[in-house]
Amino acid sequence: MRIPFLDLKGPYLELKEELDAAYRRAMESGLYILGHEVETFESEFAAYCGAKFCVGVGNGLDALHLILRAYNIGIGDEVIVPANTYIATWLAVSCAGATPIPVEPDECTFNIDPNLVKAAITPKTKAIIPVHLYGHPADMDPIVEIANQYGVKVIEDAAQAHGAIYKNRCAGSLGDAAGFSFYPGKNLGAFGDGGAVVTNDERIASRVRVLRNYGSRIKYVNEEKGFNSRLDEMQSAFLRVKLKKLDEWNERRRKIARCYLDGLKDVPGLLLPQITSGVDAIWHLFVVRISQRDKLQEHLSSVGIGTLIHYPIPPHLSSAYVDRGWSERDFPITERLAAEVLSLPMGPHLDSNAGGRIVEAIRRF
Ligand SMILES: *Cc1c(COP(=O)(O)O)cnc(C)c1O
(Lines give C-alpha, C1' and ligand atoms only; values in the text may rest on other atoms or scores of the structure.)
Protein backbone atom coordinates (compact mmCIF):
# COMPACT_ATOMS: atom_id res chain seq x y z
CA MET A 1 0.00 0.00 0.00
CA ARG A 2 1.36 3.35 -1.09
CA ILE A 3 1.40 6.17 1.46
CA PRO A 4 0.91 9.49 -0.34
CA PHE A 5 2.60 12.60 1.02
CA LEU A 6 -0.81 14.22 1.42
CA ASP A 7 -4.36 12.96 0.90
CA LEU A 8 -6.33 15.91 -0.48
CA LYS A 9 -9.51 13.95 -1.13
CA GLY A 10 -9.82 12.72 2.47
CA PRO A 11 -11.38 15.96 3.73
CA TYR A 12 -14.09 15.77 1.07
CA LEU A 13 -14.90 12.15 1.80
CA GLU A 14 -15.13 12.76 5.55
CA LEU A 15 -17.33 15.87 5.20
CA LYS A 16 -19.12 14.99 1.95
CA GLU A 17 -22.65 15.56 3.18
CA GLU A 18 -21.96 18.93 4.78
CA LEU A 19 -19.79 20.10 1.87
CA ASP A 20 -22.42 19.05 -0.66
CA ALA A 21 -25.04 20.91 1.37
CA ALA A 22 -22.76 23.98 1.46
CA TYR A 23 -22.39 23.76 -2.32
CA ARG A 24 -26.17 23.65 -2.79
CA ARG A 25 -26.68 26.53 -0.36
CA ALA A 26 -24.14 28.70 -2.18
CA MET A 27 -25.52 27.78 -5.61
CA GLU A 28 -29.12 28.40 -4.63
CA SER A 29 -28.33 31.79 -3.09
CA GLY A 30 -27.96 33.24 -6.58
CA LEU A 31 -25.19 35.55 -5.30
CA TYR A 32 -21.68 34.41 -6.14
CA ILE A 33 -19.35 37.28 -5.19
CA LEU A 34 -19.06 38.91 -1.74
CA GLY A 35 -22.30 37.61 -0.32
CA HIS A 36 -23.54 36.04 2.89
CA GLU A 37 -21.06 33.12 2.92
CA VAL A 38 -17.98 35.35 2.67
CA GLU A 39 -19.28 37.73 5.30
CA THR A 40 -20.21 34.93 7.69
CA PHE A 41 -16.93 33.10 7.20
CA GLU A 42 -15.06 36.34 7.85
CA SER A 43 -16.67 36.83 11.24
CA GLU A 44 -16.30 33.14 12.14
CA PHE A 45 -12.61 33.08 11.23
CA ALA A 46 -11.87 36.39 13.01
CA ALA A 47 -13.49 34.96 16.15
CA TYR A 48 -11.52 31.72 15.78
CA CYS A 49 -8.24 33.67 15.63
CA GLY A 50 -9.24 35.90 18.54
CA ALA A 51 -9.06 39.00 16.34
CA LYS A 52 -11.59 41.72 15.55
CA PHE A 53 -11.54 41.66 11.74
CA CYS A 54 -11.12 39.23 8.88
CA VAL A 55 -11.23 40.19 5.21
CA GLY A 56 -11.42 37.34 2.68
CA VAL A 57 -9.13 37.71 -0.34
CA GLY A 58 -8.13 35.65 -3.35
CA ASN A 59 -5.10 33.84 -1.88
CA GLY A 60 -2.34 34.04 0.70
CA LEU A 61 0.06 35.99 -1.49
CA ASP A 62 -2.57 38.69 -2.04
CA ALA A 63 -3.38 38.75 1.70
CA LEU A 64 0.22 39.78 2.49
CA HIS A 65 0.46 42.07 -0.54
CA LEU A 66 -2.74 43.94 0.32
CA ILE A 67 -1.71 44.37 3.96
CA LEU A 68 1.52 46.03 2.79
CA ARG A 69 -0.46 48.28 0.42
CA ALA A 70 -2.90 49.14 3.20
CA TYR A 71 0.03 50.33 5.32
CA ASN A 72 1.29 52.39 2.34
CA ILE A 73 4.45 50.30 2.18
CA GLY A 74 5.92 50.37 -1.32
CA ILE A 75 8.68 51.75 -3.52
CA GLY A 76 11.80 52.72 -1.56
CA ASP A 77 10.74 50.82 1.55
CA GLU A 78 12.37 47.74 3.05
CA VAL A 79 10.57 44.80 4.64
CA ILE A 80 12.40 42.20 6.70
CA VAL A 81 11.52 38.62 5.69
CA PRO A 82 12.89 35.21 6.60
CA ALA A 83 15.58 33.95 4.23
CA ASN A 84 14.12 30.51 4.92
CA THR A 85 10.53 30.63 3.72
CA TYR A 86 8.27 29.89 0.81
CA ILE A 87 8.96 32.47 -1.89
CA ALA A 88 5.42 33.91 -1.62
CA THR A 89 6.47 35.84 1.51
CA TRP A 90 9.07 37.66 -0.57
CA LEU A 91 6.83 38.03 -3.62
CA ALA A 92 4.24 39.89 -1.55
CA VAL A 93 6.87 42.50 -0.68
CA SER A 94 7.99 42.72 -4.31
CA CYS A 95 4.35 43.04 -5.52
CA ALA A 96 3.95 46.07 -3.28
CA GLY A 97 7.08 47.59 -4.85
CA ALA A 98 9.14 47.32 -1.64
CA THR A 99 12.40 45.43 -1.13
CA PRO A 100 12.54 42.15 0.82
CA ILE A 101 15.49 42.08 3.25
CA PRO A 102 16.22 38.45 4.17
CA VAL A 103 17.28 37.38 7.65
CA GLU A 104 18.65 33.93 8.44
CA PRO A 105 16.71 31.41 10.56
CA ASP A 106 17.42 30.03 13.99
CA GLU A 107 18.86 26.64 13.14
CA CYS A 108 16.75 24.88 15.79
CA THR A 109 13.32 26.28 14.93
CA PHE A 110 13.86 27.05 11.20
CA ASN A 111 12.03 30.34 11.88
CA ILE A 112 13.50 33.85 11.52
CA ASP A 113 16.18 34.43 14.19
CA PRO A 114 15.01 37.38 16.33
CA ASN A 115 18.62 38.03 17.36
CA LEU A 116 19.50 38.90 13.77
CA VAL A 117 16.47 41.08 13.04
CA LYS A 118 17.78 44.20 14.74
CA ALA A 119 20.94 44.30 12.63
CA ALA A 120 18.82 44.22 9.46
CA ILE A 121 16.81 47.31 10.38
CA THR A 122 17.64 50.52 8.48
CA PRO A 123 15.90 53.90 8.24
CA LYS A 124 14.00 52.44 5.26
CA THR A 125 12.54 49.47 7.18
CA LYS A 126 8.75 49.64 7.41
CA ALA A 127 7.74 46.12 8.48
CA ILE A 128 8.88 42.68 9.59
CA ILE A 129 7.11 39.59 8.23
CA PRO A 130 7.78 36.60 10.49
CA VAL A 131 6.56 33.29 9.02
CA HIS A 132 5.20 30.54 11.28
CA LEU A 133 6.99 27.99 9.17
CA TYR A 134 5.61 24.44 9.07
CA GLY A 135 2.97 25.50 11.65
CA HIS A 136 5.46 26.41 14.40
CA PRO A 137 4.88 29.96 15.62
CA ALA A 138 7.86 32.26 15.22
CA ASP A 139 9.29 33.73 18.42
CA MET A 140 7.00 36.76 18.35
CA ASP A 141 7.76 38.55 21.65
CA PRO A 142 11.29 39.71 20.76
CA ILE A 143 10.19 40.52 17.20
CA VAL A 144 7.29 42.68 18.39
CA GLU A 145 9.60 44.36 20.91
CA ILE A 146 12.12 45.30 18.21
CA ALA A 147 9.29 46.46 15.93
CA ASN A 148 7.88 48.71 18.65
CA GLN A 149 11.30 50.10 19.39
CA TYR A 150 11.81 51.11 15.74
CA GLY A 151 8.19 51.95 14.95
CA VAL A 152 7.75 49.31 12.25
CA LYS A 153 4.80 46.97 11.63
CA VAL A 154 4.72 43.24 12.32
CA ILE A 155 2.84 41.30 9.65
CA GLU A 156 2.45 37.60 10.33
CA ASP A 157 2.68 35.20 7.42
CA ALA A 158 0.26 32.71 8.96
CA ALA A 159 -0.27 30.71 5.75
CA GLN A 160 0.92 27.53 7.49
CA ALA A 161 -0.39 28.26 10.97
CA HIS A 162 -4.21 28.12 11.21
CA GLY A 163 -4.86 27.49 14.90
CA ALA A 164 -1.22 27.51 16.04
CA ILE A 165 -0.77 28.89 19.56
CA TYR A 166 1.97 31.18 20.88
CA LYS A 167 1.77 31.90 24.63
CA ASN A 168 -1.98 31.27 24.78
CA ARG A 169 -2.75 33.42 21.75
CA CYS A 170 -3.66 32.27 18.29
CA ALA A 171 -1.60 32.89 15.16
CA GLY A 172 -3.20 35.78 13.32
CA SER A 173 -3.55 37.86 16.49
CA LEU A 174 0.14 38.18 17.34
CA GLY A 175 1.16 41.18 15.25
CA ASP A 176 -0.42 44.20 13.56
CA ALA A 177 -2.01 42.12 10.81
CA ALA A 178 -1.75 38.59 9.43
CA GLY A 179 -2.07 36.93 6.05
CA PHE A 180 -3.61 33.46 5.77
CA SER A 181 -3.80 31.12 2.79
CA PHE A 182 -6.56 28.57 2.20
CA TYR A 183 -4.71 26.75 -0.58
CA PRO A 184 -6.07 23.17 -0.51
CA GLY A 185 -3.00 21.67 1.18
CA LYS A 186 -2.99 24.09 4.14
CA ASN A 187 -4.38 23.08 7.53
CA LEU A 188 -7.53 25.04 6.72
CA GLY A 189 -7.78 24.51 2.98
CA ALA A 190 -10.46 25.40 0.47
CA PHE A 191 -11.24 23.43 -2.71
CA GLY A 192 -9.48 26.02 -4.81
CA ASP A 193 -7.60 29.20 -3.94
CA GLY A 194 -8.45 31.49 -1.05
CA GLY A 195 -6.88 33.72 1.57
CA ALA A 196 -7.65 36.17 4.35
CA VAL A 197 -6.31 39.18 6.17
CA VAL A 198 -6.82 39.05 9.94
CA THR A 199 -6.23 42.11 12.11
CA ASN A 200 -7.39 44.14 15.10
CA ASP A 201 -6.66 47.33 13.17
CA GLU A 202 -9.94 48.70 11.86
CA ARG A 203 -8.23 51.04 9.39
CA ILE A 204 -6.28 48.21 7.80
CA ALA A 205 -9.31 45.94 7.59
CA SER A 206 -11.30 48.69 5.98
CA ARG A 207 -8.56 49.58 3.47
CA VAL A 208 -8.02 45.93 2.48
CA ARG A 209 -11.79 45.66 1.89
CA VAL A 210 -11.48 48.51 -0.61
CA LEU A 211 -8.23 47.27 -2.18
CA ARG A 212 -9.57 43.75 -2.81
CA ASN A 213 -12.55 45.17 -4.73
CA TYR A 214 -11.13 47.56 -7.40
CA GLY A 215 -10.52 50.25 -4.79
CA SER A 216 -14.26 50.59 -4.37
CA ARG A 217 -16.56 50.61 -1.36
CA ILE A 218 -19.62 51.70 -3.29
CA LYS A 219 -20.19 50.11 -6.69
CA TYR A 220 -18.59 52.22 -9.47
CA VAL A 221 -17.14 54.71 -6.99
CA ASN A 222 -13.38 54.07 -7.01
CA GLU A 223 -11.49 55.71 -4.17
CA GLU A 224 -8.12 54.43 -5.33
CA LYS A 225 -6.39 52.04 -7.74
CA GLY A 226 -7.37 48.68 -6.35
CA PHE A 227 -7.18 45.02 -7.30
CA ASN A 228 -9.59 42.17 -7.85
CA SER A 229 -8.81 39.70 -5.08
CA ARG A 230 -11.89 38.42 -3.33
CA LEU A 231 -12.52 35.23 -1.43
CA ASP A 232 -15.13 33.25 -3.36
CA GLU A 233 -18.67 32.66 -2.05
CA MET A 234 -18.41 28.95 -2.82
CA GLN A 235 -15.01 28.58 -1.16
CA SER A 236 -16.29 30.49 1.89
CA ALA A 237 -19.20 28.06 2.20
CA PHE A 238 -16.73 25.15 2.13
CA LEU A 239 -14.36 26.85 4.55
CA ARG A 240 -17.16 27.35 7.07
CA VAL A 241 -17.69 23.59 7.12
CA LYS A 242 -13.98 22.87 7.44
CA LEU A 243 -13.34 25.52 10.11
CA LYS A 244 -15.51 23.53 12.51
CA LYS A 245 -13.12 20.59 12.05
CA LEU A 246 -9.87 22.54 12.25
CA ASP A 247 -9.06 21.88 15.91
CA GLU A 248 -9.91 18.19 15.65
CA TRP A 249 -7.83 17.78 12.51
CA ASN A 250 -4.91 19.71 13.98
CA GLU A 251 -5.09 17.30 16.94
CA ARG A 252 -4.81 14.35 14.53
CA ARG A 253 -1.69 15.96 13.10
CA ARG A 254 -0.25 16.31 16.61
CA LYS A 255 -0.81 12.61 17.18
CA ILE A 256 1.11 11.74 14.01
CA ALA A 257 3.87 14.16 15.03
CA ARG A 258 4.13 12.42 18.44
CA CYS A 259 4.37 9.06 16.69
CA TYR A 260 7.26 10.34 14.53
CA LEU A 261 8.98 12.06 17.47
CA ASP A 262 8.81 8.94 19.65
CA GLY A 263 9.68 6.48 16.91
CA LEU A 264 12.60 8.42 15.49
CA LYS A 265 14.14 10.02 18.57
CA ASP A 266 17.29 7.90 18.69
CA VAL A 267 18.08 7.62 14.97
CA PRO A 268 21.69 8.79 14.49
CA GLY A 269 22.16 11.61 11.98
CA LEU A 270 18.46 12.43 11.88
CA LEU A 271 17.48 15.80 13.32
CA LEU A 272 13.86 16.08 14.46
CA PRO A 273 11.81 19.26 14.73
CA GLN A 274 12.22 21.02 18.07
CA ILE A 275 9.30 21.87 20.28
CA THR A 276 9.73 25.27 21.93
CA SER A 277 8.06 25.92 25.25
CA GLY A 278 4.98 28.14 25.27
CA VAL A 279 4.16 27.09 21.75
CA ASP A 280 1.52 24.71 20.40
CA ALA A 281 2.41 23.90 16.80
CA ILE A 282 -0.16 22.62 14.33
CA TRP A 283 2.23 20.55 12.21
CA HIS A 284 1.41 21.83 8.78
CA LEU A 285 4.52 19.86 7.86
CA PHE A 286 6.71 17.41 9.74
CA VAL A 287 10.21 18.19 8.56
CA VAL A 288 13.30 16.17 9.45
CA ARG A 289 16.89 17.06 8.67
CA ILE A 290 19.51 14.61 7.45
CA SER A 291 22.72 15.04 5.47
CA GLN A 292 21.84 12.05 3.25
CA ARG A 293 18.48 13.60 2.41
CA ASP A 294 18.28 12.61 -1.26
CA LYS A 295 19.15 8.99 -0.46
CA LEU A 296 16.53 8.81 2.29
CA GLN A 297 13.93 10.30 -0.04
CA GLU A 298 14.81 7.72 -2.70
CA HIS A 299 14.62 4.90 -0.18
CA LEU A 300 11.21 5.98 1.06
CA SER A 301 9.97 6.40 -2.48
CA SER A 302 11.14 2.87 -3.33
CA VAL A 303 8.93 1.47 -0.56
CA GLY A 304 5.95 3.59 -1.64
CA ILE A 305 6.20 6.47 0.82
CA GLY A 306 5.74 9.95 -0.62
CA THR A 307 7.82 12.85 0.70
CA LEU A 308 8.46 16.42 -0.42
CA ILE A 309 11.14 19.07 0.12
CA HIS A 310 10.05 22.41 1.59
CA TYR A 311 11.84 24.14 -0.04
CA PRO A 312 14.54 22.96 -2.44
CA ILE A 313 15.60 26.40 -3.76
CA PRO A 314 15.80 29.30 -1.27
CA PRO A 315 14.25 32.52 -2.61
CA HIS A 316 17.62 34.34 -2.76
CA LEU A 317 18.97 31.71 -5.18
CA SER A 318 15.86 31.49 -7.35
CA SER A 319 15.83 33.10 -10.80
CA ALA A 320 13.05 35.39 -9.61
CA TYR A 321 15.59 37.32 -7.54
CA VAL A 322 18.69 37.24 -9.82
CA ASP A 323 18.42 41.02 -9.96
CA ARG A 324 19.64 41.15 -6.35
CA GLY A 325 22.92 39.50 -7.31
CA TRP A 326 23.09 36.94 -4.53
CA SER A 327 25.17 33.82 -4.82
CA GLU A 328 25.70 30.61 -2.89
CA ARG A 329 26.90 31.01 0.72
CA ASP A 330 25.20 34.40 1.11
CA PHE A 331 22.67 32.78 3.47
CA PRO A 332 24.47 29.60 4.56
CA ILE A 333 21.99 28.38 7.21
CA THR A 334 19.08 28.66 4.80
CA GLU A 335 21.10 26.92 2.08
CA ARG A 336 22.09 24.10 4.40
CA LEU A 337 18.46 23.58 5.37
CA ALA A 338 17.41 23.52 1.71
CA ALA A 339 19.93 20.74 1.13
CA GLU A 340 18.97 18.65 4.17
CA VAL A 341 15.24 18.97 4.92
CA LEU A 342 12.66 16.35 4.10
CA SER A 343 8.92 16.53 4.81
CA LEU A 344 7.33 13.26 5.89
CA PRO A 345 3.68 12.42 5.14
CA MET A 346 1.42 14.52 7.36
CA GLY A 347 -2.27 15.32 7.41
CA PRO A 348 -5.55 14.56 9.16
CA HIS A 349 -6.30 11.71 6.78
CA LEU A 350 -3.05 9.82 7.03
CA ASP A 351 -3.88 6.17 7.68
CA SER A 352 -3.54 5.30 11.38
CA ASN A 353 -1.00 2.55 10.61
CA ALA A 354 1.01 4.72 8.26
CA GLY A 355 3.00 6.50 10.98
CA GLY A 356 4.43 3.22 12.27
CA ARG A 357 5.28 2.02 8.78
CA ILE A 358 7.06 5.26 7.94
CA VAL A 359 9.05 5.13 11.21
CA GLU A 360 10.07 1.55 10.40
CA ALA A 361 11.13 2.43 6.86
CA ILE A 362 13.31 5.31 8.11
CA ARG A 363 14.89 3.19 10.85
CA ARG A 364 15.74 0.49 8.30
CA PHE A 365 17.42 3.11 6.11
C1 LIG B 1 1.10 28.93 0.94
C2 LIG B 1 1.93 30.03 1.42
C3 LIG B 1 1.78 31.35 0.98
C4 LIG B 1 0.94 31.73 -0.19
O5 LIG B 1 -0.38 31.35 -0.14
P6 LIG B 1 -1.19 31.16 -1.52
O7 LIG B 1 -2.60 31.04 -1.08
O8 LIG B 1 -0.67 29.93 -2.19
O9 LIG B 1 -0.95 32.39 -2.33
C10 LIG B 1 2.53 32.34 1.58
N11 LIG B 1 3.40 32.06 2.56
C12 LIG B 1 3.61 30.81 2.99
C13 LIG B 1 4.58 30.57 4.10
C14 LIG B 1 2.89 29.74 2.43
O15 LIG B 1 3.12 28.50 2.87
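Only this structure's heavy atoms are used, side chains among them; waters, hydrogens and symmetry mates stay out. Positions are given from 1 along the sequence. Note that ligands are numbered from 1 as they come in the structure, with each ligand's atoms numbered from 1 the same way.
For the atom pair E224 CD and R217 CZ, the distance stands at 8.5 Å (nearest 0.5 Å). Rounded to the nearest 0.5 angstrom, L34 CG and R209 CZ are separated by 9.0 Å. Atoms NZ and NZ, on K16 and K9 in that order, are 10.0 Å from each other to the nearest 0.5 Å. Note that NE2 of H136 is 9.0 Å distant from CG of L285, once rounded to the nearest 0.5 Å.
The N/O atoms of V131, backbone and side chain alike, include none that comes under 3.5 Å of an N/O atom in ligand 1. Checked against a 3.5 angstrom limit, the closest N/O atoms of Y86 and ligand 1 fall outside it.
Annotation for ligand 1: atoms under 4.0 Å from non-hydrogen atoms of N59 are 7 (O), 9 (O). Taking every non-hydrogen atom of Q160 and a distance limit under 4.0 Å, the qualifying atoms of ligand 1 come out as 13 (C), 14 (C), 15 (O). Atoms of ligand 1 found under 4.0 Å from any heavy atom of G60 (numbered from 1 in listed order, with element): 5 (O), 6 (P), 7 (O), 9 (O). Near A159, with a cut-off below 4.0 Å to any heavy atom, the atoms of ligand 1 are 2 (C), 3 (C), 10 (C), 11 (N), 12 (C), 14 (C), 15 (O).
The nearest protein atom to atom 8 (O) of ligand 1, hydrogens excluded, is given as S181 OG, 4.0 Å; this is a heavy-atom distance. At the shortest separation from atom 9 (O) of ligand 1 among protein heavy atoms lies L61 N, 2.9 Å. When hydrogens are left out, the protein atom nearest atom 10 (C) of ligand 1 is A88 CB, 3.4 Å; that is the closest non-hydrogen contact. Remark: minimum distance from atom 14 (C) of ligand 1 to any protein heavy atom is reached at K186 NZ, 3.0 Å.
With a 4.5 Å cut-off on side-chain heavy atoms, V93 and T99 do not count as touching.
Only one option out of E18, E39, E42, E44 pairs with R240 in a salt bridge (Lys or Arg N to Asp or Glu O under 4.0 Å); it is E44.
With a 4.0 Å heavy-atom cut-off, ligand 1 is reached by the side chain of D157 but not by its N, CA, C or O.
Formation of a donor-acceptor pair under 3.5 Å by the R324 side chain with backbone atoms of P100 is found in this model.
In the displayed structure, E328 atom CD is contacted under 6.0 Å by at most 12 heavy atoms of other residues, nucleotides or ligands.
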